[in-house]
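Written out below as structure tokens is the structure these notes cover.
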Amino acid sequence: MKILIVNGPNLNMLGSREKAIYGEQTLADMNAEIAEFCAENGIETVFFQSNSEGEIVSAIHGVRTRFGADGIVLNAGAYTHYSRAIGDALPCVGVPKVEVHISNVHAREDFRHVSVLAANCNGVICGFGADSYKLACLAIKDILGRSGK
């Protein structure tokens with residue numbers, strides 16, 4: 001089982017941006033932690049990050065063909081709140097999808113309380129830092145296990 005982990009705009013700046021919200025961990029450090037956790041739980045991971053909406057849409061479309069993955073963990077960053085293109089891409093692929101956020105978006109600015117992606121995902125996990133991704137991977141593993149994949 002392989003899971004594609006997609007990170008959107010500004011997540012490449014982890015470790016140097018808004019440390020009070022996002023912490024000191026870099027994206028590379030976080031990805032390594034997630035990959036290690038997933039490997040211990042029988043999950044292979046592949047990581048993709050882009051600041052470009054179109055590249056994120058293309059990554060979602062290529063979940064199976066380009067990445068050979070069985071599910072998607074998606075942190076679309078600010079695109080979460082307004083990208084109809086990413087939202088429309090999600091139901092195009094027949095794999096489990098979980099939206100994640102490092103911070104608790106519901107404890108932040110009002111605009112962050114609305115996701116245009118969540119309706120096309122199996123669930124949403126937020127507020128647990130890198131653990132949000134780990135929990136999402138376990139959820140996808142469970143979904144795939146229940147479906148016999």
Side-chain angles (χ1 to χ4, degrees), residues 1-19 21-81 83 85-107 112 115-149:
M1 165 184 328
K2 184 190 278 187
I3 297 176
L4 170 63
I5 299 175
V6 177
N7 281 293
N10 301 311
L11 289 158
N12 57 309
M13 300 302 293
L14 289 176
S16 62
R17 71 177 281 223
E18 300 170 283
K19 292 180 183 181
I21 296 170
Y22 298 107
E24 305 256 341
Q25 195 174 40
T26 67
L27 182 60
D29 292 340
M30 186 175 72
N31 287 349
E33 179 183 327
I34 294 163
E36 181 180 350
F37 173 85
C38 286
E40 291 168 358
N41 285 279
I43 303 167
E44 185 180 348
T45 50
V46 59
F47 296 90
F48 176 84
Q49 189 278 325
S50 179
N51 295 315
S52 168
E53 183 179 30
E55 289 179 6
I56 294 169
V57 168
S58 293
I60 291 167
H61 289 173
V63 63
R64 290 195 187 275
T65 57
R66 179 176 169 191
F67 297 102
D70 306 298
I72 299 171
V73 171
L74 172 63
N75 183 344
Y79 288 135
T80 299
H81 315 295
S83 178
I86 294 172
D88 287 349
L90 292 168
C92 292
V93 296
V95 301
K97 298 160 285 284
V98 177
E99 177 186 322
V100 300
H101 300 282
I102 294 168
S103 68
N104 178 357
V105 295
H106 302 289
R112 295 185 194 276
S115 169
V116 299
L117 310 180
N120 291 317
C121 291
N122 296 79
V124 178
I125 301 171
C126 68
F128 298 101
D131 288 348
S132 293
Y133 294 81
K134 296 173 193 175
L135 292 166
C137 288
L138 291 177
I140 289 174
K141 180 179 180 180
D142 183 63
I143 292 165
L144 291 170
R146 285 186 275 129
S147 69
K149 294 187 178 188

Test log, rule side-chain contact (heavy atoms from CB on, under 4.5 Å), inputs Val100 and Val98: CA-CA 6 Å; Val100 300; Val98 177; 4.2 Å; yes
Distance-only donor-acceptor check, side chains Asn75 and Tyr133, under 3.5 Å: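 Tyr133 and Asn75 do have a side-chain donor-acceptor pair below 3.5 Å.
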Geometric class of the His101/His81 ring pair [parallel <30°, tilted 30-60°, perpendicular >60°]: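 Parallel, since the angle between the ring planes stays under 30°.
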Contacts of type side-chain hydrogen bond (donor to acceptor under 3.5 Å, both in side chains), residue Ser58, not counting sequence neighbours: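 Ser58 satisfies side-chain hydrogen bond (donor to acceptor under 3.5 Å, both in side chains) with no residue once adjacent residues are dropped.
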To the nearest 0.5 Å, how far apart are [atom1] in [X] and [atom2] in [Y]?
X     : Y     : atom1 : atom2 : value
Ile56 : Asn7  : CD1   : CG    : 8.5 Å
Ile5  : Leu11 : CD1   : CG    : 12.5 Å
Met1  : Ile43 : CE    : CD1   : 6.0 Å

Flag, side chain of [X] to backbone of [Y], donor-acceptor distance under 3.5 Å:
X     : Y      : value
Gln49 : Gly8   : yes
Tyr79 : Pro9   : no
Thr80 : Gly77  : yes
Glu99 : Val124 : no

Note, Thr45 side chain near Val73 side chain (heavy atom, < 4.5 Å):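 Side-chain contact under 4.5 Å: no.
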Sub-4.5 Å side-chain heavy-atom contact between Val95 and Ile72: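 Result yes, sub-4.5 Å side-chain heavy-atom pair found.
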Minimum heavy-atom distance between Arg64 and Gly94, given as atom pair plus value: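 Result for this residue pair: NH2-O, 3.4 Å.
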For residues 135-145, which side-chain donor-acceptor pairs fall under 3.5 Å, sequence neighbours excluded?
residue, atom, partner, partner atom, Å
Lys141, NZ, Asn41, O, 2.5
Asp142, OD2, Arg146, NE, 2.9
Asp142, OD2, Arg146, NH2, 3.0

Neighbour count >12 (heavy atoms, 6.0 Å) for atom CZ, Phe37: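 Enclosed: over 12 neighbouring heavy atoms sit under 6.0 Å from CZ of Phe37.
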His61 vs Arg66, side-chain contact (heavy atoms from CB on, under 4.5 Å): CA-CA, chis, key distance, verdict: CA-CA 8 Å; His61 289 173; Arg66 179 176 169 191; over 6 Å; no
Stepwise side-chain contact (heavy atoms from CB on, under 4.5 Å) check, Lys134 with Asp131: CA-CA 5 Å; Lys134 296 173 193 175; Asp131 288 348; 3.1 Å; yes
Contacts of type side chain to side chain contact (heavy atoms under 4.5 Å, CB included), residue Leu90, not counting sequence neighbours: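 If we apply the side chain to side chain contact (heavy atoms under 4.5 Å, CB included) test to Leu90, skipping adjacent residues, the hits are Ile60, Leu74, Lys97, Leu117, Asn120, Cys121.
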